[in-house]
There are 2 protein chains.
Amino acid sequence: MADGAGDDLFKELWRLCAGPLMDVPCVQDRVFYFPQGHIELLPEPTEQELRQMKNQKSPKYDLPSKILCRVIDVKCLAEMETDEVYARITLQPSSDNDPLDPNPICSEKPKQKFYSFCKTLSTSDTSTHGGFSVLRKHANECLPQLDMTMENPTQELVAKDIHGVEWKFKHIYRGHPKRHLLTTGWSAFVAAKKLVVGDSFVFLRGENGQLRVGIRRLNPPQSPTPSSVVSTQNMRLGVIVTASHSVMTSTMFVVYYKPRTSQFIVSLNKYIDTMNNDFKIGMRFKMRHEGEDPLDKRFCGTIVGVGDESREWPNSQWRSLKVQWDEPATMQRPDRVSCWEIEPLVTSPLNMIQPMAKGKRSRHAEASSSAASGSKESQVATIWHPPHLNGNGNSSQDLKNNKAVVPAGPAGEGPACDHNEDGKKGMDCWLFGVNLTSSYSNVVTPLEKELWCEASTILHCGPKESIIVGACEIEKVQSLNNHSLSNKQGHVPSMRTRTKVKMEGVAVGRAIDLTTLNGYDELIVELEKMFDIEGEIISQKKWAVTFTDEENDLMLLDDDLWQDFCKMVKRIFICSKED
Amino acid sequence: MADGAGDDLFKELWRLCAGPLMDVPCVQDRVFYFPQGHIELLPEPTEQELRQMKNQKSPKYDLPSKILCRVIDVKCLAEMETDEVYARITLQPSSDNDPLDPNPICSEKPKQKFYSFCKTLSTSDTSTHGGFSVLRKHANECLPQLDMTMENPTQELVAKDIHGVEWKFKHIYRGHPKRHLLTTGWSAFVAAKKLVVGDSFVFLRGENGQLRVGIRRLNPPQSPTPSSVVSTQNMRLGVIVTASHSVMTSTMFVVYYKPRTSQFIVSLNKYIDTMNNDFKIGMRFKMRHEGEDPLDKRFCGTIVGVGDESREWPNSQWRSLKVQWDEPATMQRPDRVSCWEIEPLVTSPLNMIQPMAKGKRSRHAEASSSAASGSKESQVATIWHPPHLNGNGNSSQDLKNNKAVVPAGPAGEGPACDHNEDGKKGMDCWLFGVNLTSSYSNVVTPLEKELWCEASTILHCGPKESIIVGACEIEKVQSLNNHSLSNKQGHVPSMRTRTKVKMEGVAVGRAIDLTTLNGYDELIVELEKMFDIEGEIISQKKWAVTFTDEENDLMLLDDDLWQDFCKMVKRIFICSKED
DNA sequence: TTGTCTCCCGTCGGGAGACAA
DNA sequence: TTGTCTCCCGACGGGAGACAA
């Protein structure tokens with residue numbers, strides 16, 4: 001430690017514990033911060049809190065959905081209780097004259113070589129009887145040499161964990177056939193860290209011989225338990241107001257970032273790269289996930305919707321892509337992702353052009369080109385073809401929004417800073433929709449007022465010099481688009497408008513636009529038409545209509561208020577009465 | 001359980017675990033909420049965070065130091081991890097015309113008698129060898145009778161803890177001389193609850209024979225560990241902005257309150273009582289503390305300073321008294337207290353009458369002349385004399401601020417409401433140092449008014465009239481909530497107005513509108529209809545009806561008041577009786 | 001009356017080789 | 001090569017009366 005090598009080792013251990021998907025920015029990098037994603041990580045409000053939030057007027061905040069920041073400081077930390085790694089990142093909102101150049105490649109070259117392994121714990125490893133079985137390869141590469149001239153060579157390993165706490169392990173080479181084991185000390189470690197089968201043990205040796213141990217859990221704690229200190233409402237407001245305040249005053253703020261959980265801080269480089277892709281409905285993609293050693297195993301899926309995740313953040317890129325996964329998986333996967341989490345699945349230029357029309361073929365082509373998981377992919381049974389997704393051009397809504405989300409900027413440059421002539425009007429400090437500085441004194445013409453109000457509902461931003469002014473202008477236009485759209489349609493414009501319908505015994509699914517219907521009666525008429533079973537549903541003899549809701553529970557139609565139903569329905573099923 | 005006694009027992013257990021100093025307001029009470037005290041409970045910022053907060057311009061907030069609120073809801077809860085009891089209190093800032101009458105005495109009379117004991121654990125009680133020694137008196141009063149004709153009479157006690165988890169204990173009367181012991185099951189309880197010498201064991205028996213167990217720790221966790229979810233800065237801002245917003249919009253907000261830790265919610269009655277005293281430097285006082293059975297044992301001390309605890313809250317009454325304690329003590333005691341935590345020390349009736357001035361003054365005369373600590377008082381080094389406490393001058397600001405919080409009450413109720421000519425101006429909305437109301441009053445033209453309306457809908461803080469009538473409006477909204485919610489606040493898109501019902505063996509769920517029902521009887525009839533099992537539930541032979549509440553606990557139907565049930569039910573399950 | 005000690009004995013679990021996937 | 005099983009034996013701890021404060 002005194003030689004500074006300990007610091008290197010700590011960082012390396014932190015990286016190993018964070019896992020292969022770890023993505024933490026470097027100091028001085030520019031990043032986009034997505035408050036929406038930050039809020040997502042707060043404890044879930046209880047039912048009761050949710051009810052109260054409904055009764056309560058929520059303060060409107062006009063924080064942009066993404067905030068360009070410079071990384072001032074990154075501190076790698078780990079939770080005392082669980083050893084879960086996280087980073088305390090200090091961000092400073094960028095100013096206008098901060099160009100959108102990509103970040104220089106930052107690589108802190110460690111001074112020494114590392115030897116490390118990571119093993120998923122078996123049942124035996126975690127059992128109370130006996131110790132930890134070190135794979136021969138791992139032992140050879142990473143453990144200090146034993147004196148093999150001995151009958152049962154043994155040594156004591158002393159290693160520090162991420163908090164600097166020392167753990168001692170007896171390392172022995174014994175048994176028939178011979179193998180490496182960690183015995184004494186191991187079970188105490190397992191108990192203290194509360195390890196279970198499937199968790200991983202991380203071992204690290206530095207060139208200087210110092211040892212480190214760490215863990216990576218199979219299931220990192222998802223949503224933290226609600227605190228009994230402050231309400232979730234408090235936390236949400238806190239996050240937003242902290243960010244607002246920092247943007248207004250150009251001062252630093254601190255966020256805690258768990259790279260394993262959710263990537264709400266995105267490096268400018270990654271963002272720019274991502275934005276070169278045109279994410280469209282129907283596009284095929286792959287997404288990395290934390291898994292076993294073969295890192296190239298990825299989940300594949302199809303984009304089935306483009307648009308806002310939440311009404312509160314219009315035109316946000318956060319989880320703006322609704323996706324459908326190819327295969328079921330044991331692990332939970334989100335049904336909405338952000339562009340930077342995925343990569344387009346490119347197989348051949350041909351498929352790029354006609355992805356949907358040749359959907360099945362393309363997948364086979366692609367499968368054959370990727371060795372390991374080809375057969376799995378070909379098992380895909382249900383391929384969903386919502387009518388409005390097949391590229392016949394009737395979904396102007398989606399296209400418009402798509403443009404809003406993935407603006408056509410010059411390649412390599414972010415979309416946010418091109419136009420700014422209006423910015424001269426000056427934009428002062430806005431909070432909760434109120435201009436704290438000028439009290440409307442600048443407003444002149446009615447039109448400008450209208451524009452102004454529009455803009456102010458979208459964001460508040462700093463003085464015109466601020467880089468965000470550029471974004472402002474674009475988003476103002478977007479918001480006007482949105483505005484007119486929502487007037488026309490009366491619902492969130494960018495949400496996928498059709499709802500899937502499947503009928504028992506009918507292989508091909510359908511989709512229906514619930515917004516055009518005024519109640520269950522009309523729905524049933526439409527469903528009957530759709531499947532050519534006029535009168536059969538309404539008679540209640542043969543068919544029952546059920547649906548899955550946002551919690552994926554199968555529910556009977558008709559019990560909920562129509563409005564509620566429209567909000568929560570995911571899929572509709574027509575099944576025979578007996579079931 | 002079926003008789004609703006479980007709820008009574010829960011509350012009593014909660015009270016016992018909270019300890020004798022427990023002071024939780026009743027629903028409908030008026031209280032003062034001290035945000036400063038609330039913030040005190042947040043995790044301590046780390047060194048690094050502190051440094052950063054210095055470099056950073058902290059947002060200015062002009063939240064009053066105390067806020068008069070009505071208690072809308074009190075939910076008694078306990079932490080999952082530690083069993084520490086706390087209350088989730090929903091507060092609504094009081095409106096201007098809410099008179100400062102004392103709260104009516106609220107006493108929810110329990111329907112039954114309770115038998116309870118609380119014993120501080122000895123070394124033997126917590127040792128791994130052997131069980132818990134029940135004091136003879138406790139056993140006679142609280143434990144179910146043993147059959148004393150037996151040689152070593154024994155029975156199994158089954159008791160629920162505060163989470164409803166069942167614990168089993170073998171109760172035996174044995175040894176020479178004979179004594180009552182809890183053996184089997186006790187050590188598991190000690191281990192699970194992590195009890196140590198000095199912690200207390202709470203045992204409760206209801207008239208109906210139901211048993212409850214609980215704990216009260218010697219050292220309740222002081223400052224919570226800093227969360228790795230949001231920064232302390234976030235939390236602080238969150239608390240303040242939540243309160244600000246609620247004051248501005250007259251809407252409810254939620255605070256978590258740990259009566260054992262810090263009393264930042266003070267009943268109006270207690271406050272009024274307290275304010276009848278004139279707290280002066282040199283005054284002697286006593287303070288209750290959680291301790292052994294002799295409840296009258298108190299710490300005594302002397303006031304050595306009067307004034308603000310923190311610059312950020314000028315003229316706040318929170319911890320406005322600096323004190324010096326008479327004797328050293330093992331337990332930590334604050335060096336600053338709030339007036340309502342202490343009582344003037346009265347030694348003899350003689351002193352009471354002494355004619356320094358009329359009424360309350362006498363006490364202080366007596367106090368300052370009390371012998372014991374005279375020399376100590378002279379040690380006082382720093383002395384504050386805020387003008388408004390020694391009565392010689394009124395800093396107009398203070399008065400204004402006070403008025404905003406405790407508006408226009410009848411004179412003589414407390415120091416905060418003596419002058420009120422300014423009060424007619426109505427309540428000002430301040431946020432981050434900006435008077436939002438005054439910007440409103442500058443608005444002249446209709447267009448500007450329109451703009452204001454725009455802003456005010458964003459802010460959800462209407463013109464001053466709406467602030468004043470806020471309370472009524474809110475109640476109206478609440479009464480309408482079920483039906484108008486979807487129109488008003490679309491922020492929580494997925495909430496249902498119906499409650500999900502699932503039945504064992506039936507794949508398809510249903511949903512029911514509880515608001516149309518008037519009690520459990522009607523609910524059961526509806527459920528039976530829904531699943532075509534008329535008469536089968538009410539007969540209680542085949543089916544049991546359970547539900548999950550907002551904490552996701554599975555509960556049996558019928559235990560709670562119907563109104564409570566409707567508030568907290570999440571899903572209803574009909575399952576076969578055997579399960 | 002009740003807190004502590006010590007003794008008895010059953011259970012748990014660390015650590016070894018056996019065995020098999 | 002390595003995961004699981006079983007066996008051995010020592011340590012831990014639940015439960016009893018003894019004893020003393």
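Letters go in sequence order (proteins before strands), and every chain restarts at 1. What's counted below: heavy atoms across the whole structure, side chains too, no hydrogens, waters or symmetry copies.
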Is the shortest side-chain N/O distance from [X] to OP1 or OP2 of [N] below 4.0 Å?
X: B:Arg174; N: D:dG17; result: yes
X: B:Ser133; N: C:dT2; result: no
X: B:Thr123; N: C:dG3; result: no

- Task: Using the criterion of both pairing distances under 3.5 Å for Watson-Crick and G-U wobble pairs, give all stems of 3 or more consecutive pairs involving DNA chain D.
- Result: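 If one scans DNA chain D for consecutive Watson-Crick or G-U pairs, the stems found are C:1-21 with D:1-21.
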Take atom [atom1] in [X]; do more than 12 heavy atoms of anything else shown fall under 6.0 Å from it?
X: A:Lys194; atom1: NZ; result: no
X: A:Gln145; atom1: CD; result: no
X: A:Met150; atom1: CE; result: no

- Message: Measuring from atom CG of B:Leu204 to atom SG of B:Cys17, what distance do you get when rounded to the nearest 0.5 angstrom?
- Response: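 Separation between the atoms: 9.0 Å.
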- Item | CG on A:Leu195 to CG on A:Leu218, rounded to 0.5 Å |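 If we round to the nearest 0.5 Å, A:Leu218:CG and A:Leu195:CG are 11.5 Å apart.
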In whole angstroms, how far is the [atom2] atom of [N] from the [atom1] atom of [X]?
X: B:Lys137; N: C:dT2; atom1: NZ; atom2: C1'; result: 15 Å
X: A:Asp125; N: D:dC5; atom1: CG; atom2: C1'; result: 15 Å
X: B:Phe201; N: C:dT2; atom1: CZ; atom2: C1'; result: 17 Å
X: B:Phe132; N: C:dG3; atom1: CZ; atom2: C1'; result: 12 Å
X: A:Glu141; N: D:dT1; atom1: CD; atom2: P; result: 13 Å
X: A:Phe117; N: D:dT2; atom1: CZ; atom2: P; result: 11 Å
X: B:His138; N: C:dT2; atom1: NE2; atom2: C1'; result: 12 Å

- According to the interplanar angle, ranging from 0 to 90°, do the rings of A:Phe117 and A:His138 count as parallel (below 30°), tilted (30 to 60°) or perpendicular (above 60°)?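 Rings of A:Phe117 and A:His138: parallel, under 30°.
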- Sort and list the pairs that fulfil salt bridge (Lys or Arg N to Asp or Glu O under 4.0 Å) and have at least one residue in residues 76-87 of chain A, not counting sequence neighbours.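 Listed once each, the pairs are A:Glu79-A:Lys258, A:Asp83-A:Lys193.
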- Item | Of the listed nucleotides C:dG15, D:dA16, C:dT2, the one nearest the side chain of B:Ile172 |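 Nearest nucleotide to the side chain: D:dA16.
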- Quick one: on DNA chain C, does B:His129 or B:Lys119 contact a more 5' nucleotide (nearest heavy atom)?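 Between the two, 5'-proximity favours B:Lys119.
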- Query: If you look at every strand shown and take non-hydrogen atoms under 4.0 Å, does B:Ser124 touch a base, only sugar-phosphate, or nothing?
  - Reply: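 Base contact.
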- Query: With sugar-phosphate meaning primed atoms plus P, OP1 and OP2, does A:Gly130 contact a base, only sugar-phosphate, or nothing at under 4.0 Å between heavy atoms?
  - Reply: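 If one applies the 4.0 Å heavy-atom cut-off, A:Gly130 turns out to touch a base.
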- Query: Considering only heavy atoms from C-beta outward, does the side chain of A:Phe114 approach that of A:Leu9 to under 4.5 Å?
  - Reply: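 Answer yes - side chains close enough.
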- When the nearest nucleotide of DNA chain D is assigned to B:Asn152 and to B:Ser127 on a heavy-atom basis, which residue is associated with the more 5' position?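 That would be B:Ser127.
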- Does A:Lys168 make a cation-pi contact with A:Phe189 (under 6.0 Å, within 45 degrees of the axis)?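 No, A:Lys168 does not lie over the aromatic ring of A:Phe189.
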- Message: Measuring centre to centre across the rings, with the benzene-like ring taken for any Trp, is A:Trp14 within less than 6.0 Å of A:Tyr86?
- Response: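 Here the rings of A:Tyr86 and A:Trp14 have centres that are no less than 6.0 Å from each other.
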- In residues 176-193 of chain B, what residues come within less than 4.0 Å of DNA chain C, judged by heavy atoms?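 Going residue by residue through residues 176-193 of chain B, the ones with a heavy atom under 4.0 Å of DNA chain C turn out to be B:Pro177, B:Lys178, B:Arg179.
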